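Data first, discussion second: the structure below is written as structure tokens.
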Amino acid sequence: MPTLTIDGREITVEPGTRIIEAADRLGIDIPRFCYHPGLPVAGNCRMCLVDTNKSPKPVAACWDPCQDGHVVTTNSPRVLEARRAVLEYILLHHPVDCPICDQAGECDLQDLYFAHDHRPSRHFFTKNHKAKQRALGPQIVYDAERCINCTRCIRVCDEIAKAPQLVQVQRGERTYIDVFPGTQLDHPYSMCTADVCPVGALTTRDFRFKCRAWLTHGIDTVCGECSRGCAIRADVYRNEVQRLVPRHDPEVNGYWACDAGRLAYHRFEAGRLEAARVAGAPAPYAQAVREAAEALPGAATGGVAVVLTPWMTCEDAAAVVAMVRSAAPGAVFAVGGAAAGQADSVLVKADKNPNHAGLRRVLEAAGVVLVPVDEVVARAPSLAALVVLGTEHAQADALAAALRQAPLSIAVAALDGPLAGAARIAFPGLSPYETDGTWVNEAGLSRRVRQALVPPAEARGYGTWASDLADRMGRPLAGGDAAAGKGA
Amino acid sequence: MLEFVLLTLLKILGFVLVFCIMLAAVLTWTERKMSAVIQDRIGPNRASILGIRAFGLFHPIADMLKSFVKEDFVPAGANRTLFFLAPAIALVPPLCAFAVVPFGPGDLVISNLDSGMLFVFAILGFGIYGTTLGGWASANNFAMLGSLRGAAQMISYEVSMGLNLVGIFLVFGSVSLTQIVAGQGELLWGWLPRWGIVVQPFGFLLFLAAAMAENKRAPFDLPEGESEIIGYFVEYSAMGFATFMLSEFVEVIVIACIAATLFFGGWQIPWVDPAGTAGGWITVAQVAFFAAKVLFLCWFQMLIRWTVPRFRYDQVMSLGWKVLLPLSLVNILATAVVLALIA
Amino acid sequence: MVKVKVVERPPADLVVQSWVPELWKGMKVTGRHFFRNVLTGKGIVTSQYPEARRPYPPRYRGKHRLMRREDGSVRCVACFMCSTACPADCIRIVAGERGDENEKYPVVFEVDFIKCVFCGMCEEACPCDAIRLDSGVHRVPAYTRADELSGKEDLLSLGTLSVSRQGGEFK
């Protein structure tokens, strides 16, 4: 176990650890472009040069492994001068079009220039001109002039997506990144190349020119597109999701996320169910709650079926189950959900619902015995009441038909569609980006979902909806504020 | 007899209705224009007839038209009769006061009363009713406070105004304005016109102060202190308000007329025809001279009004009772002693 | 300790309290203004507004204008610097692809004059000399909120060619 000193602070690390990792652990900042903790080391940008007692010249901290007795200096005048020189070289042909560049505000080159160089260019010849706005694939646009050839994107394709589609072309100052002739950058993780790009060379078509990075505020949440449950950050501006970017979660997704999950937020941008509906006519939420609360206990004897969705959080599921059971003790439950899809070997799972595992745990704890959705659909004509939560159901059309057959049909839906249209009473629900709660992914890891957006005024989460309904029926859910207020 | 009536009506028409009322209307313009030029502004100049602006001289006409067509608002709870009567009561007495003012030699006075100045005091005393009734009939606390202030102020200054003219009466041995004017035609030591201001300079200052206070104009405009109680005519709109304003300006002219008559020799032109028997162009010149004196004194009052800031109410009352009244008495005493010594 | 400076009250002796000399002093001032302004009119500072307008000072900040390139297109590259700097959040920009080497341009550039405080921060923040407040055109009030919005075409109509070079290239 080598023990080394970085800027006077001692640390013991496992053999093979790079100096830059040790420094990161100590919280000592070493500037870098090409080094990325989730990627193999390339050591080509030379930005992370540090002084050590084991070499006469500064060495690249991302490449040099820690040795016992290493004494590393990250801020000696020689190191600072080396960084400045490296930066000047990198910036030699850079177009400095920050106003146009989407990366401005979250650009490593910008930040490091201000931190370590911060002087005008001494270059007085015409700058090299290279390809601009070159579409590398359906999601990615490449600007060769801004590129600093750190090769992070190439390594993402090679090592993470296992789809070697990018390559460095030419040499020296003419180097640029390109796809192989006749192919394009279209693997399911292509947008990760834009994430790792330290400059604005690679931009996603989705976020390109949409919003400046500094205007957004990021909310840490979880992707719901498959049962992997990747950690993502929703960047929000003016109550709209501008983009989703992966967060680092070593147990779940590392640093990455698939393109499909990152574009999923568009589904909730339009077609929302904005207001409750009773018998097809828009109604205030309170009126819809009143109607449902009056009708539901009466239907209890005739048979009540509830179709849950694996998109609801564990907390919402517990509240809904408690409410339904207190209103109709004999109610039967089924779990719907989106149809299974393709899985891959990197992140994507076949189960396209985020919280199957969590829902299973909640229902087991509550002692609920599930029936298949098909059975609910088959029994629909004989049911007194049918409640369908969510819209992400593979059998949505069958459920819609069942809703039409049931005398009392209730739907809670974020999106307007066949289910909301078929139900007698339809409540506006929340999108995953307006929800707060817990999802449990396929590996059994529970992760917090955070509310990123302010929902439409009338929309309620499943839990709030269940609680409102229970209050209205005169059987408030135990626990929480209601119990505290009324029990005293 | 018919001739007398017709002549009197002609004099009323010429002096009161044409000269005084027109002058009062022009004074509303003068007031605004003077405040403007004193404050380095331009003042009203927008009213125009056929594109002619005439320095804003049409503003009084525009104001009058506006007053006529505006809604005449009567507050709920107001005594309607008194509410409508009050502006008229405020306007008529000052107009009556012109009856005894000689605006020229000989018969050029509407009514040559022997009791002259006493008549003026008596009539002007009525003006209080306009103020008091206006405030009381409005059924408004602020108007009521304003009229209370007005009544107290006018009564207080009535006293000293009367007393500080006693000196003049002593000097000229009469209360008849005609005789006082005639007396001012004489010369002191053969060269100095024996005008009131020469023989009673102190009396003039006291009279001016008391008269301006009586008139409720700045710096004595406490009954309408905009920043404090808004005033006794706060509920008046349209013509009622305009009448109150007009009465104020008519009073300015009354004060100017009386001051001109008592202290500036009335229609007398120094060293020219003191008996007023010359007739012809001389008489015309004398009437014009009287008008000029009145205009000057109106201007002078305006200048004071735009120079001096407002008093506090307790200052007004203590000035009236503790300063002007004793000084008036001292003035009477001193005048009497001097006259006794000369005699 | 706070230092308290005691200022003597001006003397209120009998001469002052008699009011006459003080009144005379005051009337000398008002009278001076009166005669000077009536006779010469030189002291009057009022300008006859609708007919005679005071010229705006050269640094007056009026309505915004968007400057043009040599080819007449908008100079703005939709970098959002102005809307970021704007303390009133009155600038709304939607960026789009130009399709040439200049890459980015504002599809929508709206200034909400009901919000704008004419502070000039946008002008200062602009890296391209694209937005300026030197039009000298006064903002005209409108009857509806929608009319207060000034769009790209409106702002461009005031715009002229800028002398500064875009991109800051050496040639």
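Every heavy atom of this structure was used, including side-chain atoms; hydrogens, water molecules and symmetry mates were not. Note that the structure is a prediction, hence the values are computed from the model and not measured. Letters go in sequence order (proteins before strands), and every chain restarts at 1.
Every residue two or more places apart in sequence or in another chain was checked for a ring-ring contact (aromatic ring centres under 6.0 Å, His included) with W214(A), and none qualifies. Remark: Q133(A) engages V141(A), R208(A), E97(C), E103(C) in a side-chain contact (heavy atoms from CB on, under 4.5 Å) (not counting sequence neighbours).
When the shell of 6.0 Å around OH of Y60(C) is examined, it contains more than 12 heavy atoms from other residues, nucleotides or ligands. In this structure, M121(C) places its CE atom where only 12 or fewer heavy-atom neighbours from other residues, nucleotides or ligands lie under 6.0 Å away. Within 6.0 Å of CD in E51(C) there are more than 12 heavy atoms belonging to other residues, nucleotides or ligands.
Using a 4.5 Å heavy-atom cutoff, the side chains of D102(A) and K104(C) are in contact.
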Exercise for the section: Start with the C-alpha gap between R212(A) and C79(C), add the side-chain angles, then the distance that decides, and say whether side-chain contact (heavy atoms from CB on, under 4.5 Å) holds. Expected result: CA-CA 8 Å; R212(A) 300 316 298 253; C79(C) 69; 3.5 Å; yes
Exercise for the section: Test salt bridge (Lys or Arg N to Asp or Glu O under 4.0 Å) on D89(C) and R238(A) and set out the steps. Expected result: CA-CA 12 Å; D89(C) 195 15; R238(A) 298 207 162 145; 2.7 Å; yes
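Across every non-hydrogen atom of F209(A) and A95(C), the tightest pair is O-CB, 3.4 Å.
Looking at I100(A), both its backbone and its side chain come within 4.5 Å of chain C, counting heavy atoms on both sides.
Once rounded to the nearest 0.5 Å, the distance linking OH of Y237(A) with CZ of F80(C) reads 7.0 Å.
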